[in-house]
Protein chains: 2
Amino acid sequence: MRVEASAASERPVPARPNLAAVAALAGVSASTASLAFSGAGPVSEPTRAKVFAAAEALNYAGPDPRAQSLRRGRSGIIGVVIDDRLRDAFRDPANISMLDGLADELGGAGLAMLLLTDTGEGAAGISLAPMDAVVLVGCSTELHSSVKIFRQRGIPVIAIEAEHMPDVFPIDLDNRDATALGARHLKQLGHENVAVVSLPLESSHARGPLTREREAASGSFTARQRILGARDVYPNLVGVASAGSFIEEGLIAGRALLAATPRPTAIIAQSDLLAVGVIRAAAELGIAVPADLSVLGFDGVSVEGVAPLELTTLVQPSVEKGRAAGRAAIALLDGGEPDPIAFVCVLRMGNSTGPVNS
Amino acid sequence: MRVEASAASERPVPARPNLAAVAALAGVSASTASLAFSGAGPVSEPTRAKVFAAAEALNYAGPDPRAQSLRRGRSGIIGVVIDDRLRDAFRDPANISMLDGLADELGGAGLAMLLLTDTGEGAAGISLAPMDAVVLVGCSTELHSSVKIFRQRGIPVIAIEAEHMPDVFPIDLDNRDATALGARHLKQLGHENVAVVSLPLESSHARGPLTREREAASGSFTARQRILGARDVYPNLVGVASAGSFIEEGLIAGRALLAATPRPTAIIAQSDLLAVGVIRAAAELGIAVPADLSVLGFDGVSVEGVAPLELTTLVQPSVEKGRAAGRAAIALLDGGEPDPIAFVCVLRMGNSTGPVNS
DNA sequence: CTGTTAGCGCGTTCAC
DNA sequence: GTGAACGCGCTAACAG
């Protein structure tokens, strides 16, 4: 009441009180009030109490984050760029685990995650949203243009499973070697006629047979590396690209591959969800797994719906990958220069693979 | 080069050029440069070209979002508060669909989603992060304190499936009526001994039998409403609370409920994932579904792993719920007063429910 | 311990 | 069409 009367007969109800108003009511200077809120400087107890009382009276909720962020040069926000539609990204448990690890690490440091896509209309956010650092996930060909923008904006970039680029901090996974390891496992079991179901190769998510041209042009580093790993063991490998890491897509791809003559005796799926779909396709066709068909997965997430089968798969440390990205972001913001990180997959033996039977 | 020589012999390489620097190089005033970037005002073509050339030369990426946001009073960020750990929230397809709809609508309006949790260390974001509006999802008891903070900060609040509160825009779902509808379906089939598996009742996510005390104290509006709906038809309903909407939890709950004597002939699960778990539990125990046990789900998401069974379930418009929340946020930001929205579930008949058999 | 001063980088009045 | 001045709300320096 006093404030209204003395300070502003023009605007009777200040909708959003600011620090200055609180300071004025408390009878202290703005900087003192600021210190009282941030707790950063030495403020006497009575003063601090006065400030809080004034804030209460004015219904002041604390310093405006926008102004803080301008002044401090930090927003407390870490961008997370997904190239897929969110729906797709969220459907794969491996991705979710990664985000979970990331969120965990960032949350602990008082940072929040801003979800962005680098395609579609939401892509504007990449150049407009306030961010202190950014984590690129499941990166596509758009990567380079995005990275250029971030570099211009002076925003540190962390990329998970991407081609190495200058000024981009890499979180790597041994996609190629791991897949080769899995392929060798199949080779040891005697398999010679092997096919692959890949993750989407282009941002168009087009299904269809793998060709050297498509692979070379692919924007998906992960998919490409995993194909290369399989080729390290089976140079003449054939396969199809899926439209996404879903069970349904594995089913579609599996039907296509199992219709070939001669039928492959083993299928390398680039994710566990795809592997499950392939197993479903086999079931549909009356093909026994692992007796007549071996199926290898990737990710090591627990997937429902293949019991009593246990997927033989390449287990990747998804959660740790996310945590590492979070820690890297925090370190880069502190001006540190963390060492690049590379994770390694482990082949977990289940019973979806077995000796070739013929 | 020229700039360095003339403007700053002290700092040879200005790390982050600002609008003023660009304007200076272009030989125009800062306000003109600003207009050139925003495209909002009349700027002659030559001038505009000069400005962009200068920006290019200085490697200027455009106006600083932080400063824009302070000046404009908008950050372009919509907060999304999840009370669970992200991992839990992401594991339920119904939730993901909702987020997808939300992201879609917001992305189209150039807004980005900031993910926040209202528990744990990340909760600081609630009072610190810059946001223009906020969507509360799967809200817990913490709701009220959060809402108070947002109100103080002058941030519009949208709450999905929450108790109505002043100044909170509701997106409702007929959880109670829908569950009652499903329960009546069971009643018509002759079931009298019915049990329920609920979503977590408290933020502790404690498993255990439902009691009137627990229900009354529950922070989960959705779980409570669905229980009430079941009670509308079966007043003496018993049940257990799960620790989350996962198949595994349904399995645990199913085992517990199916060990009772007399064994229930029907189980109402508060999500499809829980329902699948219950069906698994039945399978373990050699109980046939639907012959010896009817199982009712909720959500209508496509769940893997019960084929050839088709879940009888209450289908909710998850994606639309998210879209509605997004549209409401946008409308509220525009100063509009959109009408509250309420969605209705539909009972989809599958073959996981059938006539009581005894 | 507290107050004063000076911006952070930008967008928006107004004049011209 | 363009420029000059001011202020968004806050905080880092210093001064007292």
Side-chain angles (χ1 to χ4, degrees), chain A residues 7-8 10-11 14-51 54-55 58 60-76 127-132 152-155, chain B residues 11 14-51 54-55 58 60-76 127-130 132 152-155:
Chain A
E10 292 293 335
R11 43 182 177 122
R16 311 236 185 120
N18 59 18
L19 191 54
V22 172
L25 204 167
V28 299
S29 82
S31 76
T32 301
S34 174
L35 291 181
F37 277 105
S38 71
V43 179
S44 73
E45 194 44 54
T47 308
R48 146 188 228 78
K50 265 193 302 186
V51 171
L58 291 177
Y60 176 70
D64 183 326
R66 288 181 290 252
Q68 280 184 311
S69 129
L70 174 59
R71 185 59 233 228
R72 299 216 236 245
R74 286 283 170 84
S75 61
S127 39
L128 298 179
M131 293 181 273
D132 297 340
Q152 281 192 351
R153 289 183 57 185
I155 297 176
Chain B
R11 44 182 176 121
R16 311 230 186 127
N18 58 19
L19 191 54
V22 172
L25 203 166
V28 301
S29 82
S31 73
T32 302
S34 174
L35 291 180
F37 276 105
S38 70
V43 179
S44 74
E45 195 43 56
T47 309
R48 142 188 231 79
K50 267 194 301 186
V51 171
L58 290 177
Y60 176 70
D64 183 326
R66 287 181 289 255
Q68 285 189 124
S69 138
L70 173 59
R71 192 64 182 88
R72 300 215 230 250
R74 285 283 171 84
S75 61
S127 37
L128 297 179
D132 296 341
Q152 280 193 352
R153 289 183 57 185
I155 297 175

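Just so you know, these numbers come straight off a predicted model, no measurement behind them.
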- [ ] Mind listing the closest non-hydrogen atom pair of A:P130 and B:S75 along with its distance?
- [x] CD-O, 4.2 Å

TODO: Report the distance from atom CZ of B:R72 to atom P of C:dG11, rounded to the nearest whole Å.
DONE: 5 Å

TODO: Mind calculating the distance between CG (A:L19) and C1' (D:dA12) to the nearest angstrom?
DONE: 14 Å

Task: Whole angstrom value for the distance that separates P of C:dG9 from CG of B:N18 - done: 5 Å

- [ ] Tell me whether the OP1 or OP2 atom of D:dC10 has a side-chain N or O from A:Y60 closer than 4.0 Å.
- [x] yes

Task: CG-CZ distance between A:L70 and B:R71, expressed to the nearest 0.5 angstrom - done: 12.0 Å

Tabulate atom names and distances for all N/O pairs under 3.5 angstrom spanning the protein and nucleotides 1-5 of chain C.
| from | atom 1 | to | atom 2 | distance (Å) |
| --- | --- | --- | --- | --- |
| C:dT2 | OP1 | A:S44 | OG | 2.6 |
| C:dT2 | OP1 | A:T47 | OG1 | 2.3 |
| C:dT2 | OP2 | A:S44 | N | 2.7 |
| C:dT2 | OP2 | A:S44 | OG | 3.3 |
| C:dT2 | OP2 | A:T47 | OG1 | 3.4 |
| C:dG3 | OP2 | A:S29 | N | 3.0 |
| C:dG3 | OP2 | A:T32 | OG1 | 2.9 |
| C:dG3 | N7 | A:S31 | OG | 3.4 |
| C:dT4 | O4 | A:S31 | OG | 3.1 |

Open item on the list: Of the options C:dG9, C:dT12, D:dC10, whose atoms approach the side-chain atoms of B:S34 most closely?
Closed with: C:dT12

- [ ] Quickly work out the A:F37 CZ to D:dC10 P distance and round it to whole Å.
- [x] 9 Å

TODO: Would you indicate, yes or no, if C:dG9 has its OP1 or OP2 atom less than 4.0 angstrom from a side-chain nitrogen or oxygen of B:Q68?
DONE: no

- [ ] Please name the pair of heavy atoms, one in A:R153 and one in B:P65, separated by the smallest distance, quoted to 0.1 Å.
- [x] NH2-CG, 3.1 Å

Expected rows: protein N/O vs nucleotides 14-16 of chain C N/O, under 3.5 Å:
none

Task: Atom pair distance, as rounded to whole Å: NZ in B:K50 and C1' in D:dG3 - done: 13 Å

- [ ] Taking all heavy atoms of B:A54 and all of B:V22, pick out the closest pair and write down the distance.
- [x] CB-O, 3.6 Å

Task: Atom pair CZ/OG of B:R72 and B:S38 - distance to nearest 0.5 Å - done: 7.0 Å

- [ ] Using whole Å, report how far CZ of A:R74 lies from P of C:dC8.
- [x] 18 Å

Task: Straight-line distance of B:S44 OG to B:K50 NZ, nearest 0.5 Å - done: 7.5 Å

Open item on the list: Quick check: closest heavy atoms across A:A36 and A:R48, and the distance to 0.1 Å?
Closed with: O-NH1, 3.6 Å

- [ ] Using atom CG of B:L70 as one end and atom P of D:dC6 as the other, report the distance to the nearest whole Å.
- [x] 18 Å

TODO: Looking only at non-hydrogen atoms, find the nearest pair between B:G76 and B:D132 and report the distance.
DONE: N-OD2, 2.7 Å

Open item on the list: Looking at every non-hydrogen atom in both residues, tell me the closest pair between B:F37 and B:V51 and how far apart they are.
Closed with: CE1-CG1, 3.9 Å

Task: Atom pair distance, as rounded to whole Å: CZ in B:R71 and P in C:dG7 - done: 19 Å

